[in-house]
Number of protein chains: 2
Amino acid sequence: MVINQLTAAYEPDLYNPDCPTRVVLDRIGDRWTALVVLLLAERSPRRFTELRQGVGGIAPKVLTQTLRAMERDGLVKRTVYAEVPPRVEYELTPLGDSLRRPIAAIGRWAERHVAEVLEARKRFDEAQSGD
Amino acid sequence: MVINQLTAAYEPDLYNPDCPTRVVLDRIGDRWTALVVLLLAERSPRRFTELRQGVGGIAPKVLTQTLRAMERDGLVKRTVYAEVPPRVEYELTPLGDSLRRPIAAIGRWAERHVAEVLEARKRFDEAQSGD
DNA sequence: CGGGATCCCATAGGATACTG
DNA sequence: CAGTATCCTATGGGATCCCG
């Protein structure tokens, strides 16, 4: 079975465009996944609307897409309660939780270095219009 | 000066859509920046064509865009040598290099967990078509 | 409440050809 | 060699409305 061969012997190569690791990178690198991981890592489970507000300015359709993709990739577990009104809760799987630290590190980098980036950007733009 | 106020007192908030940290996240989260950081962290300086081959399947226009954006954000330094044929070298700035560890962590996560993600995906898709 | 259905758009990204 | 210049498309993402 191909999957088992992968698990056992496959040598992942980020630099190979055909390597599935790239697919993974692409998913993590979308606009919202990282934020959702962070939110769910902070407190779980959370409900749809809660996430929607927590993430700030995301369209419902897009949140659904994001959550579905994460569920598909085994990062999130979705639980539906047969109630009226409906209640749906999301939480990280162990796999999803293992992403917490790496993503948090990126987040911290962003918070720590925004100012520098902004300055660099300003300098670059001024130099550009300068000559 | 606004920038200094930022540096000193601004409270970054990843969850606020208007916060510049989000801009930073968006840039890092594009398709190529992370790979370029990794390549340059591994060995610097590198030339355009070298990066182009190293990164695997990137169009020259897109590599230029990526590199320019990174230069603008203060992540890479671009050096042009007045020779024929032209030689241009790219290397990480200290700021860019500070991204190395967080990004490498994400890369390692991807390599370590591709198989799990792929399996989860397969399971999900089968369950989907099942009912 | 938690989305599905629709419609729409910007733009990141790609292919190819050309040039100082 | 290190890019520009064009042209093109795929799609991530957004706005709105509706439904069980």
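Letters A, B, ... mirror the listed sequences (proteins, then strands); counts begin at 1.
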Side-chain heavy atoms nearer than 4.5 Å, only ILVMFWY residues, links allowed to pass through others: does that put [X] and [Y] together?
X        : Y       : value
A/Phe124 : B/Val36 : no
A/Val23  : A/Leu99 : no
A/Val80  : A/Leu92 : yes

Tell me which nucleotide among D/dC1, C/dG2, C/dG14 gets nearest to the side chain of B/Arg31. C/dG14

The side chain of A/Arg68 is closest to which nucleotide in this list: D/dG3, C/dG2, C/dG4? C/dG4

Verify, without hydrogens or angle tests, whether [X] (side chain) and [Y] (backbone) share a donor-acceptor contact under 3.5 angstrom.
X        : Y       : result
B/Thr93  : B/Gly74 : yes
A/Thr33  : A/Asp30 : no
A/Arg121 : B/Arg72 : no

Show your working on salt bridge (charged side-chain N to carboxylate O under 4.0 Å, His left out) between A/Arg100 and A/Asp97 and close with a plain yes or no. CA-CA 5 Å; A/Arg100 175 217 208 115; A/Asp97 194 67; 3.2 Å; yes

[X] [atom1] - [N] [atom2] separation (whole Å):
X       : N      : atom1 : atom2 : value
B/Phe48 : D/dG3  : CZ    : C1'   : 6 Å
A/Glu89 : C/dG2  : CD    : P     : 9 Å
B/Arg22 : D/dG13 : CZ    : P     : 11 Å
B/Glu71 : D/dA2  : CD    : P     : 15 Å
A/Leu67 : D/dG13 : CG    : P     : 14 Å
B/Arg78 : D/dA2  : CZ    : P     : 10 Å
A/Asp30 : D/dG14 : CG    : P     : 10 Å
B/Tyr81 : D/dG3  : OH    : C1'   : 18 Å

Quick check: on DNA chain D, is the nucleotide nearest A/Gln65 upstream (toward 5') of the one nearest B/Val88, or the reverse? Name the residue that is more 5'. B/Val88

Atom CZ of residue position A/Arg101 - does it have more than 12 heavy atoms of other residues, nucleotides or ligands inside 6.0 Å? no

Ring-face cation of A/Arg46 near A/Tyr90 (centre distance under 6.0 Å, axis angle within 45°): no

Does the side chain of [X] get closer than 4.0 angstrom to OP1 or OP2 of [N] through an N or O atom?
X       : N     : answer
B/Thr49 : D/dC1 : no
A/Arg47 : C/dG2 : yes
B/Tyr90 : D/dC1 : no
B/Arg87 : D/dA2 : no

Heavy-atom contacts, protein to nucleotides 15-20 of chain C, under 4.0 Å, summarised as B (base), S (sugar-phosphate only) or - (none) per nt, yield B----B

Positions of residues 32-40 of chain B (non-hydrogen atom under 4.0 Å from DNA chain C), listed by number: B/Trp32

Regarding B/Arg43 and B/Glu50, does a basic nitrogen lie under 4.0 Å from an acidic carboxylate oxygen? yes

